[in-house]
K.L.:
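Once you've had a glance at the structure underneath, I'll fire off some questions.
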Amino acid sequence: MQLDSAPRPAPVRARLRAAACLLLASSIPGARAAAAATTQFDASGLLYGELDRAKVVEPTLRVMRLLDNGQSFSAGLVLDAITGASPSGAMPTGRAMTTTSASGTVTNHAPGEIPTSPFSDFRGALELGWHQPLGGIVATDLVTHYSREKDYQSIGGTAALSLDLMQRLTSVTVGGGYDYDNVFPVNGVPVGLSPVVAGTGGPPDEGPTNASAVTAAAATGGTSAAVKQVPSAVVGVSRILTRRWMVSLNASRIVQRGYLTEPYKIVSVIDPDSGTTVGSITEQRPTTRDRRDLLANSVYHFGTGVFYSSYRYYWDDWGVRSHTIDLKYRRDLAEETFFQPHVRLYAQTAADFFRFGVVQGEPLPTYASSDYRLGPLRSVTLGGTYGFHVPDYPGELTVRAEYILQWGDGHPSDAVGVQRTLDLMPPLHIATVMVGYTRTF
Amino acid sequence: MKAPAVRDSGAPSLRRVDDYFVGTFMAMASPCELLLDTDDWDDARAALERVHGEAARIEATFSRYLDGNVVHRINHSAGRPVEVDAETASLIDYAATCWEASGGLFDITSGALRRVWKFDGGDRVPSHEALAATLRNVGWHRVTWHSPVLTLPAGMEIDLGGIGKEYAVDRAASLVAAGTRAPFLVNFGGDLFASGARRGGATWSVGIDDPEHTGAAALYRIDFDRGGLATSGDARRYVMWQGRRLGHILDPRTGWPVSGAPRSITVLATTCVEAGTLSTLAYLQGAAARDFLDGQGVRFWIL
């Protein structure tokens, strides 16, 4: 038959093995004893580095216990150690300069360089989850989290109800959440749009312990902490279209209320003629932000791989609109070995009150921020994940590496003087490497 | 599950051989065995009862020769949708994956073809018309499967025999493992699973029969400690056509027996289901069987 001249058949073992596992793991009436509960353990370490800026080391641990009645419990711990420098919001001036931040840091900058402030922080986050099937087609999910860093604390939770319809081809999810966050800026909560005075020196960012040594900062208004409350809601529907293809659509709305300003970010005050900076003020953002998004997902199974694609549209009442396209293709190479390339494209518009600086002598706006994250930002991510199994050792290892190029429109039409000659949002190069280990008991 | 079942021939028997126990019984038209490496009679007895019970349950549930079970319900649904239980659904899901992964070679609807072929060593092959008519009732692509609802067009039938025995081996093995720490080997008519090295670290040894002389001395021996082992072959059932010997395993796409396949293919994999599927898929590749297995990263033996 024609088979004799057919090309060498592709390996199918990885697929059969996964399918056989699924077959033998499914709970079977009268044979409960064998459908034993399982525990899944995940550990990973992430290194994140921005060229000349922030570095993050992030170990995570996660344990999930799946019971034979479909219930599951999970616990996760994430630690972040962040060091490096982040843009303070100040503009480059074309001359050597010094800047300060509201936390009292003083740094010096070369001409043309985007001013940054050094910082270091440590964050710990704990998350607990509970999944409970109710009858055959309804399930609930409850998740609660707590995280803490030097000057920020967040506590919150989410609850979701999902319902399988039409012979489980369609699933509908409705959920809501609430976070209660506290901000404790190092030198108290700064008054927005108030002048920041350069200090005379002193040790760099040492945190609250040396607050008394700080020589200059913005007026604090006398409060040491501020609150942010974040209710959220999500609705989603997923649908299995064919044996190989699943699609889903999710809509979410998050309303942030309270102190949304970044206490350490500043806005440069520039000379109306020369464009050089003559000082800086603290930033000020509105006290509410209404954020919405729509997310469309598609998962398509090929014979030897899976293609994941998603598109997200985001908009909020600060004027930020963004588009995200995310594409991944998982290719099974051999038993328990896969390679997954990843491409992500991102573009956002700036917030209405985003400005690179305020011009001296002009009336101050109600709100102003030079935080690049609210600016006209673009990014491209290219990366890949390789998953494999070490013979004779249990568990699966994954290694992921990504390169992110982030840039923005750094030549605003209203730039004055020397600012017209500078790129106010130069490209930022970011690399991440993650190593993960998963084992099921 | 390949012939009218030799029904449960009474209680299984258990005896001591050297330093382990051997339990035997008949199920799924095959001699079935449990080897348990222990000195504890009660332990061995309890394990054998579990294995025997599970083999009988799976045969009763999935044999296409028995009235009233889920396979019978599906095969007599006359084109109406049938809602199946979770276990049947996972078996059908598995079969669907095999069908996809094999490009349509592995097909649980191909049983109808066996009615037009007579593998009695003679030289009769079905007429073109008979084969074409039968092929209209073969093909998983004609089936609508939205778990847990299966809609089989009238005239078609399914047969889970191609995975049932291997599935029974793995299920029985997991039941034994849940009740004892002793090393063991389950063997249902040549499809088997071993749980790990024997006490003292020795491997299990399995003899592979010469396909031409079943029952004679084993042709070669496979030593392994853990995993599923399954064999596909066609030595005794064939038809002669234009001087060529055609085995009884049929390509559901053409309706003709697979040609050029080895006499016997044995595969060692993680589970018996996986081993059985790989040996069957390899067989269905015909002359390309060895190439197929070379790429899978499994140990295999071809005769």
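Order of the sequence lines fixes the chain letters, A, B, ..., with proteins taken first and strands second; residue numbering starts at 1 for each chain. Side chains are part of it too, since the values below use all heavy atoms of this structure and drop only hydrogens, waters and symmetry mates. Please read these numbers as outputs of a predicted model, since none were measured by experiment.
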K.L.:
Please report the interatomic distance CD(E100(B)) to CZ(R15(A)), rounded to the nearest 0.5 Å.
P.N.:
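Reported to 0.5 Å precision, the distance equals 5.0 Å.
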K.L.:
Counting only heavy atoms not in H141(B) (residues, nucleotides, ligands), do more than 12 fall under 6.0 Å from its NE2?
P.N.:
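Yes - once you tally the heavy atoms of other residues, nucleotides and ligands closer than 6.0 Å, there are more than 12.
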K.L.:
Does any part of the side chain of S174(B), heavy atoms only, come nearer than 4.5 Å to the side chain of L24(A), both counted from C-beta?
P.N.:
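No. Closest side-chain heavy atoms not under 4.5 Å.
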K.L.:
Between Q296(B) (side chain) and V12(A) (backbone), is there a donor-acceptor pair under 3.5 Å?
P.N.:
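Yes, Q296(B) side chain to V12(A) backbone: donor-acceptor pair under 3.5 Å.
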K.L.:
Indicate the atoms forming the closest heavy-atom contact of A20(A) with Y94(B), along with that distance.
P.N.:
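Of all heavy-atom pairs spanning A20(A) and Y94(B), the closest is N-CE1, 3.4 Å.
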K.L.:
Side chains of R13(A) and T270(B): is there a donor and an acceptor less than 3.5 Å apart?
P.N.:
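R13(A) vs T270(B): donor-acceptor pair found between side chains.
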K.L.:
Which residues pass the side chain to side chain donor-acceptor pair (under 3.5 Å) test with Y308(A), not counting sequence neighbours?
P.N.:
none
K.L.:
Quick check on A269(B) against chain A: is it the side chain, the backbone, both or neither that has a heavy atom closer than 4.5 Å?
P.N.:
both
K.L.:
Would you sort out whether D170(B) and L23(A) count as a side chain to side chain contact (heavy atoms under 4.5 Å, CB included), showing the intermediate values?
P.N.:
CA-CA 10 Å; D170(B) 286 331; L23(A) 166 64; over 6 Å; no
